[in-house]
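Reading through the structure tokens given below for one structure.
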Amino acid sequence: MFLSMLVLLGVFVGVVYASTDVPTPESVTNQQTTIVYYSDGVTEMARLGSENRIEVGLDQVSEPARNAILAAENRNFYNDPGISFTGIVRAAWNNLTGGSTQGGSTITQQYVKNAFLSSDQTFSRKFKELFLSIKLDNEYSKDEILENYLNTIYFGRGAYGIEAAAETYFGVKAADLTAEQGAVLAVLVRSPNYYDPESNPEEAQDRWGKVLDAMVEQTWFDSSARAAAQYPVVLPDDGAGLGIPSGPEGLIVDQVLAELEGSSYGYTDVETQGLRVTTTVDKRYQDAAVASVNDVMEGEDVGLLREALVSVDPRTGGVLAYYGNSARTSEDPNADTTDYAQAYKQPGSSFKPYALATALQQGISVEARRDGSSPQTFKDRTKPVVNSGNAQCGACTLREAITRSLNTTFYGLAYEVGPAEVAETARAAMGIGDQWPDSTSVPAALRGKTSLASPENGQTGGAIGIGEYEVRPIDQAVGFATLAAGGVHHQRHFVAQVADGAGAVLKTVDGSETADQVIPADVANDTTYALEGVAAYSKRPLDGNRPVASKTGTQGLNATDNSDAWMVGYTPSISTAVWMGSQGLAPITNVQGNIIYGSGLPGQIWQEFMDTVLDGTPEEPLPTKAIIKGDTGKGVAVQTTRAPAATTTARAPATSSQAPRQTSTSTPSYSRPTPTTTTPTQETQQPEETDTTTPTVDPGPATSGVPIPTSSNR
């Protein structure tokens with residue numbers, strides 16, 4: 001009977017062993033951390049994923065660190081059959097008697113438990129662990145088992161695998177771990193929280209010494225080195241977990257994820273793919289953006305005012321700096337976490353360069369003269385267009401008019417060359433489509449509607465010349481970058497390179513693949529030439545009078561209050577757009593109670609940022625003369641007296657019989673001034689001391705018989 005029982009046991013063991021399927025290490029899905037870097041490919045912006053895990057090959061773990069793990073957990077690893085009979089018996093006895101859990105499992109058993117089973121202290125789990133460990137040991141080499149074990153084990157502080165642990169505790173790669181550092185990590189394997197050197201330093205250091213002693217016994221560590229060994233410096237537990245940062249950089253990571261999950265890449269679950277994503281965002285530029293906003297806005301009404309800053313590289317389309325809000329998330333449920341770099345706002349006079357570029361394409365040079373007297377009326381609206389302060393220039397050149405930001409000139413110019421044509425020029429420069437996306441990222445009032453047009457009727461009026469129709473700060477940064485690049489548009493992007501966890505490059509983006517000459521080079525040249533005097537005229541020149549092309553813009557709620565203020569400008573190497581407004585639709589004023597114009601606080605932020613990032617870089621020349629000559633349009637002769645208000649033009653777009661809408665939307669990223677019932681009048685309040693230009697007044701969209709919201713542009 002005894003022999004029969006032995007035979008039956010042997011048969012049972014044989015059948016169970018033969019029927020036991022060992023999952024391949026490749027079949028174990030370990031969620032790996034995706035790391036997002038700044039443009040240098042070294043400085044981390046964020047770590048994403050549910051587990052901080054970075055898988056490496058065994059040859060990427062230093063030999064002293066490997067030996068430390070073996071000394072602490074399984075000194076006979078390379079000679080055992082994959083299991084420890086004494087450990088199994090001890091665990092069984094403890095399970096029967098209710099004793100405490102003890103160590104004793106081999107590395108193979110630990111790997112099987114962590115990768116394929118659970119941590120339950122039961123007979124069934126131990127039984128499965130036994131057969132899986134034996135079979136795994138027979139089917140895979142010891143090095144393969146050790147490699148997978150080192151990538152699976154938990155070391156505390158959210159770090160899974162020895163690579164993540166090395167970076168978490170010492171800020172180094174696993175390949176660079178010393179014996180002393182490896183011993184610290186080896187101690188953590190048994191109980192990561194208990195042996196964390198920050199929470200229990202005495203116990204951690206005591207066991208650390210025992211691990212080093214065991215290494216000496218196994219001849220893995222020299223006795224003289226052991227005598228001189230000092231406990232290594234361990235990084236503090238800063239509590240920095242995985243996930244999207246809560247500060248301004250969190251909005252960058254949002255854009256990176258959206259880009260990776262878009263059609264160009266098509267990734268899903270980016271956070272768990274173990275990718276190494278290098279962005280286009282320059283750490284120095286990003287720091288300068290945050291500092292510029294904070295410096296200028298110190299002491300201002302942070303409850304009222306909102307800011308956005310976007311910088312784009314004209315040569316590639318890569319986003320260099322991005323500030324959409326001070327925080328991406330907040331514990332306060334009422335906190336405003338809107339990304340204002342993506343907010344749809346009326347650009348005011350900062351849109352005038354597209355009207356000028358359209359005129360240049362039609363043979364109207366920057367030296368051509370147009371009537372800039374005020375007021376003037378046009379066929380696509382009944383109320384007159386006025387310049388701020390009723391400024392007069394009966395025969396200004398277009399270059400003079402854009403420097404002085406004359407509304408009557410550019411409303412008339414857009415009307416003359418065709419509002420639809422101005423819209424096409426702007427769309428091409430910015431890289432936006434004919435329709436706004438039918439997406440929740442777009443305000444409901446604009447969703448799926450024609451871009452740069454009235455949402456009600458899809459028509460574009462002469463008011464496009466003075467920035468009536470909504471765009472985003474990022475659109476303006478890209479549009480001006482196209483002008484800076486000689487009319488070549490590059491698709492804006494945040495991702496420069498994607499690599500896998502081993503460093504193999506999967507895709508690189510340098511902008512050349514999307515380069516498109518959307519504006520003739522001579523037109524871009526002359527537009528830039530016309531914009532070169534704006535910064536100095538607005539008292540916002542760059543240090544050393546560095547050449548820069550720029551345009552201010554301010555959108556008004558009515559004749560006396562502004563809702564949005566802009567400063568946009570570029571050199572050949574950087575295009576920067578700054579917007580300022582409010583969360584909803586409220587008059588924006590500075591701490592002194594003065595109206596905010598484009599050359600005010602936004603201009604100050606723009607100026608400080610540009611001076612900071614361009615400091616120490618070579619001065620880049622801009623065009624010194626215009627290329628396009630003559631005037632194929634409706635020019636006016638030089639006059640010494642005020643010209644009469646223009647009343648007609650040759651080309652008129654389709655007019656609208658609909659009144660402008662009174663926008664009411666809960667989307668915080670979109671607002672349009674409510675139409676007023678009074679004719680725009682001269683402003684009575686004085687601009688800030690830093691703003692010496694004459695505030696002008698922009699009308700609203702094309703209407704019939706209904707007054708329009710005014711716009712003050714500086």
Closest contact, heavy atoms only, [X] versus [Y]:
X: Glu198; Y: Pro236; value: OE1-CA, 3.2 Å
X: Ala186; Y: Ala72; value: CB-CB, 3.8 Å
X: Ile574; Y: Val613; value: CD1-CG2, 3.9 Å
X: Tyr38; Y: Glu44; value: CE1-O, 3.8 Å
X: Ser575; Y: Ala477; value: OG-O, 2.8 Å
X: Glu259; Y: Val495; value: OE2-N, 3.1 Å

Mind checking the [atom1]-[atom2] spacing from [X] to [Y]? Nearest 0.5 Å is all I need.
X: Thr152; Y: Ile107; atom1: OG1; atom2: CD1; result: 11.5 Å
X: Arg53; Y: Asn151; atom1: CZ; atom2: CG; result: 8.0 Å
X: Trp606; Y: Thr576; atom1: CH2; atom2: OG1; result: 8.0 Å
X: Leu212; Y: Ser223; atom1: CG; atom2: OG; result: 12.5 Å
X: Leu260; Y: Leu275; atom1: CG; atom2: CG; result: 7.0 Å
X: Ile605; Y: Met610; atom1: CD1; atom2: CE; result: 14.0 Å

Without swapping roles, check the side chain of [X] against the backbone of [Y] for a donor-acceptor pair under 3.5 Å.
X: Asn200; Y: Ala204; value: no
X: Ser439; Y: Val442; value: no
X: Thr338; Y: Tyr340; value: no
X: His493; Y: Gly511; value: no
X: Asn148; Y: Glu144; value: yes
X: Thr482; Y: Val478; value: yes
X: Thr168; Y: Ala159; value: no
X: Glu217; Y: Met215; value: no
X: Thr280; Y: Ser39; value: no
X: Gln32; Y: Glu55; value: yes

Contact between [X] and [Y] at the side-chain level, heavy atoms closer than 4.5 Å - yes or no?
X: Ile474; Y: Arg492; value: yes
X: Leu320; Y: Val281; value: no
X: Leu309; Y: Ser311; value: yes
X: Val189; Y: Leu185; value: no
X: Val56; Y: Leu150; value: no
X: Ile252; Y: Phe494; value: yes
X: Val505; Y: Gln497; value: yes
X: Pro192; Y: Arg157; value: no

Could I get the full list of salt bridge (Lys or Arg N to Asp or Glu O under 4.0 Å) partners for Arg315, not counting sequence neighbours? Asp313
Go through the steps for Ser141 and Asp143 under the test side chain to side chain donor-acceptor pair (under 3.5 Å), then give the verdict. CA-CA 5 Å; Ser141 71; Asp143 281 350; 5.6 Å; no
Whether the [X] and [Y] side chains hold a donor-acceptor pair (N or O, under 3.5 Å, no angle test) is what I'd like checked.
X: Thr43; Y: Asp40; result: yes
X: Asn76; Y: Asn79; result: yes
X: Asn74; Y: Tyr78; result: no
X: Thr571; Y: Glu620; result: yes

Quick one: sort the Phe609 and Tyr285 rings into parallel, tilted or perpendicular, breaks at 30° and 60°. perpendicular
Please lay out, stage by stage, how Tyr267 and Val270 fare under the test side-chain contact (heavy atoms from CB on, under 4.5 Å). CA-CA 6 Å; Tyr267 285 107; Val270 172; 3.7 Å; yes
Under the salt bridge (charged side-chain N to carboxylate O under 4.0 Å, His left out) rule, what pairs show up with a residue in [range], not counting sequence neighbours?
range: residues 160-183; answer: Arg47-Glu167, Glu163-Lys173, Glu167-Lys173
range: residues 271-284; answer: Lys283-Asp287
range: residues 244-257; answer: Asp254-Arg328

What's the verdict on side-chain contact (heavy atoms from CB on, under 4.5 Å) for Leu146 and Leu70, showing C-alpha distance, side-chain angles and the deciding distance? CA-CA 9 Å; Leu146 181 60; Leu70 295 176; 4.3 Å; yes
Other residues, nucleotides and ligands only: do more than 12 of their heavy atoms fall within 6.0 Å of CD on Gln491? no
Could you tell me whether Glu63 atom CD has more than 12 heavy atoms of other residues or ligands within 6.0 Å of it? no
Are Arg226 and Asp222 close enough, and set up right, to give a salt bridge (charged side-chain N to carboxylate O under 4.0 Å, His left out), and what steps lead you there? CA-CA 6 Å; Arg226 168 67 185 96; Asp222 187 81; over 6 Å; no
Salt bridge check, Asp475 against Arg472: does any charged N sit closer than 4.0 Å to a carboxylate O? yes
Residue set satisfying side chain to side chain contact (heavy atoms under 4.5 Å, CB included) with Lys507, at least two apart, ordered chain then number -> Ser264, Tyr265, Val509
Worked check of side-chain contact (heavy atoms from CB on, under 4.5 Å) between Val302 and Met297: CA-CA 8 Å; Val302 296; Met297 298 308 295; 5.5 Å; no
Which residue pairs pass the side-chain hydrogen bond (donor to acceptor under 3.5 Å, both in side chains) test when at least one of the two sits in residues 318-327, sequence neighbours left out? Tyr322-Asp339, Tyr322-Gln342
Any chance you could lay out the side-chain contact (heavy atoms from CB on, under 4.5 Å) test for Asp196 and Tyr169, step after step, and finish with the verdict? CA-CA 10 Å; Asp196 188 309; Tyr169 288 91; 3.9 Å; yes
